[in-house]
Amino acid sequence: MKIVEDMPQRRRADLPGGDNAILNSLEKYWQALRHAQRIPSRNDIEPSQIDHALPHAFILQRVAPGIARMRVAGQQLHDLLKMDARGMPISTFFVPEARDQIAELIEAAFTEPAIISVPLTSPGSLVRPSLTGTMMMLPLRDDKGDTSRILGALVTEGQPGSRPRRFEITKGAAIRHETLGLQLASVQSILRPDHEKGPDATRPALRLIVNNG
């Protein structure tokens, strides 16, 4: 994993999953819940407000550093695993070689906190096509005010087939890793170069990271 640039002048569509309507609508809803410059609460989430994203959506609970389990999982996630995804660690969706890096990104989402968006690939075979997709993670607070939950979604393109799918992080692709500031940022401030920030600025820091695995 290699950081290649800090907060470039990019359109949102250039970010991982940035052109996906489901992920965009989910993030827009999450951003709208950021009252008084704070991370939204798990109790703020109203499923009826994210109908379009629900089949792909999940809520994670942090159980240990880098480890999170699914408390809520949409039908499309069940279809990818070919089992009920609720209660399963998020690492279940990934090949063993990708799990350490995913654990680092999950921990960053909880502890910085940060918005994470990861481009994914599920390799194909002679009997099934490859899948591509994106997983987005948006931090949430629990009843105690700790950032121990994540609202997220995993969207894919292609047919999952009849057997469970596992993903790797797409090699050579950028990962969105956006550390959150205290102020609710617009698209323009999210994409502002880091070197333009003053010492007292609270805009989030966006890093694009290339997966060289």
Side-chain angles (χ1 to χ4, degrees), residues 11-35 38-62 68-94 102 105-106 108-110 113-122 131-142 147-160 164-167 169-170 173-178 180 184-187 190-191 204 206:
R11 298 177 300 114
R12 183 173 291 279
D14 294 329
L15 300 173
D19 59 352
N20 185 275
I22 292 171
L23 296 180
N24 284 337
S25 66
L26 188 66
E27 182 177 352
K28 183 177 180 181
Y29 174 70
W30 177 87
Q31 292 281 12
L33 295 176
R34 290 190 64 186
H35 308 301
R38 63 187 173 94
I39 301 299
S41 168
R42 164 66 179 91
N43 293 332
D44 291 336
I45 304 301
E46 293 287 348
S48 62
Q49 300 299 310
I50 53 173
D51 282 348
H52 188 47
L54 277 179
H56 310 269
F58 57 80
I59 290 180
L60 298 180
Q61 180 178 359
R62 185 177 188 257
R69 293 187 181 276
M70 289 196 165
R71 298 330 236 172
V72 176
Q75 183 59 49
Q76 292 297 321
L77 304 182
H78 300 348
D79 292 346
L80 290 170
L81 283 184
K82 307 307 177 190
M83 67 174 72
D84 190 345
R86 291 172 297 179
M88 303 295 289
I90 187 66
S91 59
T92 304
F93 284 89
F94 294 90
I102 287 295
L105 293 169
I106 290 170
F110 282 123
I115 298 173
I116 303 292
S117 187
V118 188
L120 305 176
T121 302
S122 179
L131 283 181
T132 59
T134 305
M135 182 177 71
M136 174 177 282
M137 296 184 285
L138 306 164
L140 297 172
R141 293 178 296 112
D142 60 24
T147 309
S148 66
R149 304 291 190 275
I150 282 174
L151 171 66
L154 197 168
V155 296
T156 59
E157 297 181 9
Q159 295 299 317
R165 303 302 295 244
R166 299 293 185 272
F167 293 88
I169 299 174
T170 304
I175 297 169
R176 178 185 177 191
H177 180 159
E178 185 177 323
L180 296 169
L184 176 60
S186 65
V187 172
I190 286 174
L191 302 181
L206 174 64

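A 4.5 Å side-chain heavy-atom check between Leu77 and Met70 finds at least one atom pair inside the cut-off. Within the 4.5 Å cutoff, the side chain of Ile150 has no heavy atoms near those of the Ile116 side chain. Side-chain contact between Ile90 and Met137: absent, with no pair of heavy atoms (C-beta onward) separated by less than 4.5 Å. Put simply, the side chain of Pro119 reaches to within 4.5 Å of the side chain of Ile175, judged on heavy atoms. With a 4.5 Å cut-off on side-chain heavy atoms, Ile45 and Leu33 count as touching. Leu180 is listed as a side-chain neighbour of Arg34, based on a closest heavy-atom distance under 4.5 Å. Residues Met136 and Trp30 have side chains not in contact (no heavy-atom distance under 4.5 Å, counting atoms from C-beta outward). Here the side chains of Ile115 and Gln31 are in contact, with some heavy-atom distance below 4.5 Å.
Atom NZ of residue Lys28 and atom CD1 of residue Ile50 lie 14.5 Å apart, to the nearest 0.5 angstrom. Taking CD of Gln49 as the start and OG of Ser25 as the end, the distance is 11.5 Å to the nearest 0.5 Å. For the atom pair Arg176 CZ and Glu27 CD, the distance stands at 4.0 Å (nearest 0.5 Å). Rounded to the nearest 0.5 angstrom, Thr132 OG1 and Leu120 CG are separated by 9.0 Å. Between the CZ atom in Arg165 and the OG atom in Ser122 there is a gap of 3.5 Å [rounded to 0.5 Å].
Taking all atoms of both residues into account, the shortest heavy-atom contact from Ala153 to Phe58 is N-CE2, 3.4 Å. His177 approaches Ala114 most closely through the heavy-atom pair CD2-CB, 4.0 Å. Taking both residues in full, the closest heavy atoms of Arg42 and Val72 are given as NH2-CG2, 4.2 Å, listed atom of the first, atom of the second, then distance. Scanning both residues, Gly87 and Arg71, for their nearest heavy atoms gives CA-NH1, 4.3 Å. Listed here is the closest heavy atom pair of Phe93 and Leu80: CE2-CB, 4.2 Å. Heavy atoms only, all atoms of each residue included: Ile39 and Pro113 are closest at CD1-CG, 3.9 Å.
Results of the side-chain contact (heavy atoms from CB on, under 4.5 Å) test with Asp84 over Lys82, Met88, Arg86 single out Arg86 as the only residue that passes. None of Val118, Thr121, Leu131 except one satisfies the side-chain contact (heavy atoms from CB on, under 4.5 Å) rule with Phe167; the exception is Leu131.
Of the possible polar contacts, none joining the Arg69 side chain to the Gln61 backbone as a donor-acceptor pair under 3.5 Å is found. Between the side chain of Arg149 and the backbone N or O of Pro139 there is no donor-acceptor pair closer than 3.5 Å. Checked by atom type and distance alone, the side chain of Thr147 never pairs as donor or acceptor with a backbone atom of Leu140 at under 3.5 Å.
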Thr134 vs Ser117, side chain to side chain contact (heavy atoms under 4.5 Å, CB included): CA-CA, chis, key distance, verdict: CA-CA 7 Å; Thr134 305; Ser117 187; 3.4 Å; yes

Using the rule given for side chain to side chain contact (heavy atoms under 4.5 Å, CB included), can you reason through Val155 versus Leu23, listing the C-alpha separation, both sets of side-chain angles and the distance that settles it, and then say yes or no? CA-CA 8 Å; Val155 296; Leu23 296 180; 3.9 Å; yes

Would you sort out whether Leu26 and His56 count as a side chain to side chain contact (heavy atoms under 4.5 Å, CB included), showing the intermediate values? CA-CA 10 Å; Leu26 188 66; His56 310 269; over 6 Å; no

